[in-house]
Amino acid sequence: MSLHHFLFSFLLLAFSAISSSSVVPAPKEQTLNTQDVEFFNPKLPPRTLSSSKKFEGSSNLVDLRYHMGPVLSSSPINIYLIWYGRWSVSQKLLIKDFITSLSPSATPSSSPSPSVSEWWKTVSLYTDQTGANVSRNVVIAKEHADTRYSHSSHLTRLSVQQVIATAVKTAPFPVDHRNGIYLILTSDDVTVQDFCRAVCGFHYFTFPSMVGYTLPYAWIGNSGKQCPEVCAYPFAVPGYMGGGGPGALASPNGDVGLDGMISVIAHELAELSTNPLVNAWYAGEDPTAPTEIGDLCEGLYGTGGGGGYIGQVMRDRKGRTYNMNGKKGRKFLVQWVWSPLLKACAGPNALD
């Protein structure tokens, strides 16, 4: 963070503290049990996927600009979940608990700070040309299970859209232009074009010629059996490291594939909400290959990240690594996103 931004943030916090102390009671003491938590900043080998888009730290050189397109400002954002392949009940619950944790809770104690909803608050700072912010509220509107692999166990980028078309045309899902995100999650036995080789997930919008409508969507795959060292990083490290390098971090929920998948889901939802039609918030001149708010912070999970370090994160007594809390006592490790206010990567577990 530059000196200018540090001084600005310090003065803003000081002013807020002074102005608020006279109108609200003192906040309750935070109930974080630090005896059960260890803070550490591990250095790990790099991911095998290229991280050329990652920008470690903050700089005025990052030209993230608004291109006048819409953001998902209508509330709530409706997630239409397609479970493609075979998913267990416990796997579905873990992912759904993460998605429902994005919205602010009526009872803050159910998601103590640092929380998933505080992470989404940074995403909600982005606005459209009318000044409307990305919605703070995200709900799972409907689910559809495609257990018969209706378009085979290998999908291309185009057949992913056909999966959505099937869900819309057979009427499990409505056509939701205004509020909807169509989220396709493939199980660990489904292969997808470019998966593990170039991408862990992607987002775009459907073509009317394929689906009949233009709808924002995202796809993410479970890499647990195919390439955990690529898409479930840092819970798995490249095999070439052997025993000579640092070991993989223990995942917070005991499922390497799913815990890695959750951070990719977060990445794609953040970018899809701020750039749903690829004409809103991104850096670079090429909208077909934009650098978006998640790309800028890929691999960063806490303060002091960069240069091979993932940043300051937490580890509980069982050795599980996480950086934010969700509802129902869940813990997650989720990458940071670019803040339009700080002009830097930001997350709720920041120590500065």
Side-chain angles (χ1 to χ4, degrees), residues 62-82 96 98-106 111 115-143 164 168 173-184 201-208 211 213-220 264-284 287 290-297 324 326-327 334-348:
V62 175
D63 187 23
L64 184 73
R65 291 186 292 123
Y66 177 55
H67 296 80
M68 304 306 289
V71 300
L72 294 184
S73 58
S74 297
S75 189
I77 296 173
N78 292 324
I79 304 289
Y80 298 96
L81 261 174
I82 299 177
K96 289 195 290 184
F98 172 74
I99 293 173
T100 57
S101 294
L102 294 169
S103 299
S105 175
S111 297
S115 68
V116 174
S117 64
E118 290 170 340
W119 177 87
W120 188 257
K121 186 177 181 180
T122 298
V123 179
S124 73
L125 296 174
Y126 289 87
T127 62
D128 63 14
Q129 58 186 309
T130 71
N133 293 76
V134 170
S135 174
R136 288 291 311 274
N137 296 303
V138 182
V139 300
I140 298 172
K142 208 161 187 180
E143 300 175 60
I164 301 172
V168 170
F173 287 165
V175 175
D176 190 348
H177 297 281
R178 187 176 176 83
N179 297 52
I181 287 179
Y182 295 79
L183 182 60
I184 304 95
F202 60 76
H203 74 89
Y204 207 61
F205 52 85
T206 61
F207 304 142
V211 181
Y213 310 92
T214 299
L215 303 170
Y217 77 93
W219 159 81
I220 300 95
V264 184
I265 290 172
H267 177 119
E268 298 301 336
L269 289 181
E271 294 184 344
L272 189 53
S273 298
T274 55
N275 195 29
L277 300 181
V278 201
N279 60 357
W281 289 95
Y282 64 89
T291 300
E292 300 171 283
I293 69 169
D295 298 324
L296 290 166
C297 304
M324 58 190 74
K327 295 177 180 177
V334 177
Q335 70 149 90
W336 283 10
V337 290
W338 190 263
S339 166
L341 295 183
L342 299 176
K343 300 293 190 294
C345 297

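Just so it is clear, the model here is predicted, and its values are computed rather than measured.
Residues passing the side-chain contact (heavy atoms from CB on, under 4.5 Å) test with S124, sequence neighbours excluded: K121, R136. Partners of N137 according to the side-chain contact (heavy atoms from CB on, under 4.5 Å) rule, which considers only residues two or more places apart in sequence or in another chain, are S75, P76, S103, P104, S135. In this structure Y213 satisfies the ring pair (Phe, Tyr, Trp, His ring centres under 6.0 Å) test together with H177, sequence neighbours excluded. The side-chain contact (heavy atoms from CB on, under 4.5 Å) test applied to P340 returns L125, Y126, not counting sequence neighbours. Not counting sequence neighbours, the partners of F202 by the ring pair (Phe, Tyr, Trp, His ring centres under 6.0 Å) test are W219. The salt bridge (charged side-chain N to carboxylate O under 4.0 Å, His left out) check on K96 picks up E143, with sequence neighbours excluded. Taking the ring pair (Phe, Tyr, Trp, His ring centres under 6.0 Å) definition, one finds that Y282 meets it with H67, sequence neighbours left out. Considering only residues two or more places apart in sequence or on other chains, H267 meets the side-chain contact (heavy atoms from CB on, under 4.5 Å) condition with E271, D295, Q335. In this structure S117 satisfies the side chain to side chain donor-acceptor pair (under 3.5 Å) test together with S115, sequence neighbours excluded. Under the side chain to side chain donor-acceptor pair (under 3.5 Å) criterion, D176 pairs with N78, Y80, not counting sequence neighbours. Residues passing the ring pair (Phe, Tyr, Trp, His ring centres under 6.0 Å) test with Y66 are W281, sequence neighbours excluded.
Expressed to the nearest 0.5 Å, how far CG of L183 lies from CD1 of I220 amounts to 5.0 Å. Between the CG atom of N133 and the OG1 atom of T274 there is a distance of 12.0 Å, given to the nearest 0.5 Å. Note that CD1 of I181 is 10.5 Å distant from CD of E268, once rounded to the nearest 0.5 Å. Atom NZ of K327 sits about 12.0 Å away from atom CZ of F98, to the nearest 0.5 Å. With values rounded to the nearest 0.5 angstrom, L215 atom CG is found 14.0 Å from Y204 atom OH. Expressed to the nearest 0.5 Å, how far CG of L272 lies from CD1 of I265 amounts to 12.5 Å.
Here the side chains of L81 and I99 are in contact, with some heavy-atom distance below 4.5 Å. The shortest side-chain heavy-atom distance between L277 and P70 falls under the 4.5 Å cut-off.
Closest heavy-atom contact between I77 and L72: CD1-O, 3.8 Å. Closest non-hydrogen pair, D128 versus T130, comes out as OD1-OG1, 2.6 Å. When all heavy atoms are compared, the tightest approach of W119 to A270 is CH2-CB, 4.0 Å. The two residues P276 and S273 come nearest to each other via the heavy atoms CD-O, 4.0 Å. When all heavy atoms are compared, the tightest approach of I82 to I164 is CD1-CA, 4.1 Å. Contact between W120 and V134 at its shortest, heavy atoms only, is CZ2-CG1, 4.2 Å.
The backbone N or O of S339 sits nowhere less than 3.5 Å from a side-chain atom of T122 that would complete a donor-acceptor pair. Between the side chain of D63 and the backbone N or O of A283, no donor-acceptor pair lies under 3.5 Å.
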* Please report the C-alpha distance between V123 and L102 in whole Å, then the side-chain angles of each, then the deciding distance to 0.1 Å, and finally whether the side chain to side chain contact (heavy atoms under 4.5 Å, CB included) criterion is met. => CA-CA 10 Å; V123 179; L102 294 169; over 6 Å; no
